[in-house]
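Structure first, then comments.
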Number of protein chains: 2
Amino acid sequence: MAVQTEPSRRPRSPMSRERVLRAAVRLADEAGIESLTMRRLAKELGVEAMTLYYYVANKDEILGGIVDVVASEIEAPADGPDWKELRKSAISAHEVLMRHRWAASLMLSSRHPRLGHMEAVLGCLRRAGFSAEMTHHGYHALESHIMGFTLWLAGMALDAEKLPDLAAEFLRELPRQEFPHVAEHIETHFVKPTEYTGSEFEFGLDLILDGLERIREES
Amino acid sequence: MAVQTEPSRRPRSPMSRERVLRAAVRLADEAGIESLTMRRLAKELGVEAMTLYYYVANKDEILGGIVDVVASEIEAPADGPDWKELRKSAISAHEVLMRHRWAASLMLSSRHPRLGHMEAVLGCLRRAGFSAEMTHHGYHALESHIMGFTLWLAGMALDAEKLPDLAAEFLRELPRQEFPHVAEHIETHFVKPTEYTGSEFEFGLDLILDGLERIREES
DNA sequence: GACCGTACTCGTACAGCGTAAGAATGTCAA
DNA sequence: TTGACATTCTTACGCTGTACGAGTACGGTC
């Protein structure tokens, strides 16, 4: 039963569905999701396009697969009694989705639900004493914030390092008397090149969590 | 032979950029955004694909244009003193984006900001006494909820009328002891064919608005 | 009439996309 | 050696956006 296959004879590392997916994630991260084509992905793997179809039914399966890869990086809320574990989990989701800026919109349009994560979040709320009704409302409020905010920020951050310059130029051409608040917004937000620390995401998150807390205490 | 009023050579109404965009919106509404191709849109207008390029630089301009058409349907918050005008405006945005389920994700990826709406929302918060900082936070929290929730719901509602059956079958195959809360969630949400009235959207919206209110009163 | 500029529409072509069909190649067991 | 099977590649098809240039219609002017 000695494995006779000598890797030296065939320099290519063995292909696999997992290897395809990992390469797809890397390609999407580095070159954008629009660069993820069957031919380009195949070239990346040193192979022809049709070879991929031996490991994957079609491109949709690749898209679903890389969404799963990314989703598995998200930290689920712990099982303990503290329902504010959701806070950590939400921040984790935001961070992961910002590392893979193409993932959020794919995740929303994915036909296949992430049951494990959903179960963990719902259970966390339920154990904290929320009613079924309130649990569902809370779940959607949280998920909406994560997705909405992340999608917005990911759209902004397409060209992160030259954003201050872009904002400055935009500001110069903006008719200020017509859009004074927009001008103010851009100024405080973008022109000074502050590192994004997630505080904006957390503001909205805490708005929701504190609101839920209050509802829970009232009931 | 009088060829003048031959039905095959029907009198085409005059083409225009606006007519192209309106047809594009209708096509996307009726057949999905993925059906919006230059050739199909042209056929819809009784014309060849390349004709469209006389009115529009490229397809991206069409996509930007139809986003603007949809955005203009959204009711901006009124200029008055009541900052909860934002509530009406947010609900309007949600309704409009649900009428055009392809629009939300396009709007998020659009490179061109909707200054008028942004100015109205920011001004509304500012006039209510929020600090610049808080205004920006509130703006993003609201916008995130609108976009995140609408995108989620639009993804769900792809095949609205047969959703209860789908949910029932999904539920039948779901390992209940493994995902009890998910099962509960699906049951209360989908199996009974309740008309969606927007109450879920408004729950999260009010969580945010009430949270902002409290912050305003504290300061 | 003839001529011409302008506005508009279309035919053709090309590179790139996902992928169906099947041939070619490599590897192992009998 | 033969045959079965796993893996990869070649070719081709219909679709996409769109570059390029050739029509076509319709005013003026001479």
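Note that this is a predicted model, so its numbers are computed, not measured. Per chain, numbering begins at 1; letters A, B, ... match sequence-line order.
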Nearest-Å distance, [atom1] ([X]) to [atom2] ([N])?
{"X": "Lys59(B)", "N": "dC17(C)", "atom1": "NZ", "atom2": "P", "value": "16 Å"}
{"X": "Leu41(B)", "N": "dT18(D)", "atom1": "CG", "atom2": "P", "value": "12 Å"}
{"X": "Asp60(B)", "N": "dT16(D)", "atom1": "CG", "atom2": "C1'", "value": "14 Å"}
{"X": "Arg39(A)", "N": "dC9(D)", "atom1": "CZ", "atom2": "P", "value": "14 Å"}
{"X": "Leu52(B)", "N": "dA7(C)", "atom1": "CG", "atom2": "P", "value": "19 Å"}
{"X": "Lys43(B)", "N": "dT16(D)", "atom1": "NZ", "atom2": "C1'", "value": "14 Å"}
{"X": "Tyr54(B)", "N": "dA25(D)", "atom1": "OH", "atom2": "P", "value": "16 Å"}
{"X": "Glu48(A)", "N": "dG18(C)", "atom1": "CD", "atom2": "C1'", "value": "15 Å"}

Rounded distance (nearest 0.5 Å) linking atom [atom1] of [X] with atom [atom2] of [Y]:
{"X": "Ile62(B)", "Y": "Met38(B)", "atom1": "CD1", "atom2": "CE", "answer": "4.0 Å"}
{"X": "His145(B)", "Y": "Leu142(A)", "atom1": "NE2", "atom2": "CG", "answer": "11.0 Å"}
{"X": "Leu108(B)", "Y": "Thr150(B)", "atom1": "CG", "atom2": "OG1", "answer": "10.0 Å"}
{"X": "His112(B)", "Y": "Asp68(B)", "atom1": "NE2", "atom2": "CG", "answer": "4.0 Å"}

Need the bend value for the helix from dG1(C)-dC30(D) to dA30(C)-dT1(D): angle between end axes, 5 pairs each end, nearest 10°.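 That helix has its two terminal axes inclined by roughly 40°.
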
Closer to the 5' end of DNA chain C via nearest nucleotide, is it Met50(A) or Glu34(A)?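 Going by which nucleotide is closer to the 5' end, it is Glu34(A).
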
By nearest nucleotide on DNA chain C, pick out whichever of Ala49(B) and Ser35(A) is the more 5' one.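 Comparing both residues, the 5'-ward one is Ala49(B).
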
Quick one: sort the Phe149(A) and His140(B) rings into parallel, tilted or perpendicular, breaks at 30° and 60°.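 Rings of Phe149(A) and His140(B): perpendicular, over 60°.
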
Angle between ring planes, His94(A) versus Phe201(A), binned at 30° and 60°: parallel, tilted or perpendicular?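 Parallel.
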
From [options], nucleotide with atom closest to [X] side chain:
{"X": "Tyr53(B)", "options": "dC17(C), dG17(D), dT8(D)", "result": "dG17(D)"}
{"X": "Thr51(A)", "options": "dG18(C), dT18(D), dC9(D)", "result": "dC9(D)"}
{"X": "Tyr55(A)", "options": "dG17(D), dT8(D), dT9(C)", "result": "dT8(D)"}

Among residues 62-70 of chain B, which ones have heavy-atom contacts with DNA chain D below 4.0 Å?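 Under 4.0 Å from DNA chain D: no residue of residues 62-70 of chain B.
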
Quick one: do Glu85(A) and Lys88(A) make a salt bridge, cutoff under 4.0 Å?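 Between Lys88(A) and Glu85(A) there is a salt bridge, with a charged N closer than 4.0 Å to a carboxylate O.
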
Quiz question: by atom type and distance under 3.5 Å, do the side chains of His181(A) and Thr135(B) form a donor-acceptor pair?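 Checked: His181(A)/Thr135(B) side chains show no N/O donor-acceptor pair below 3.5 Å.
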
Donor-acceptor pair, distance only, cut-off 3.5 Å: does the side chain of Arg87(B) make one with the backbone of Asp206(B)?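 Not a single qualifying donor-acceptor pair exists.
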
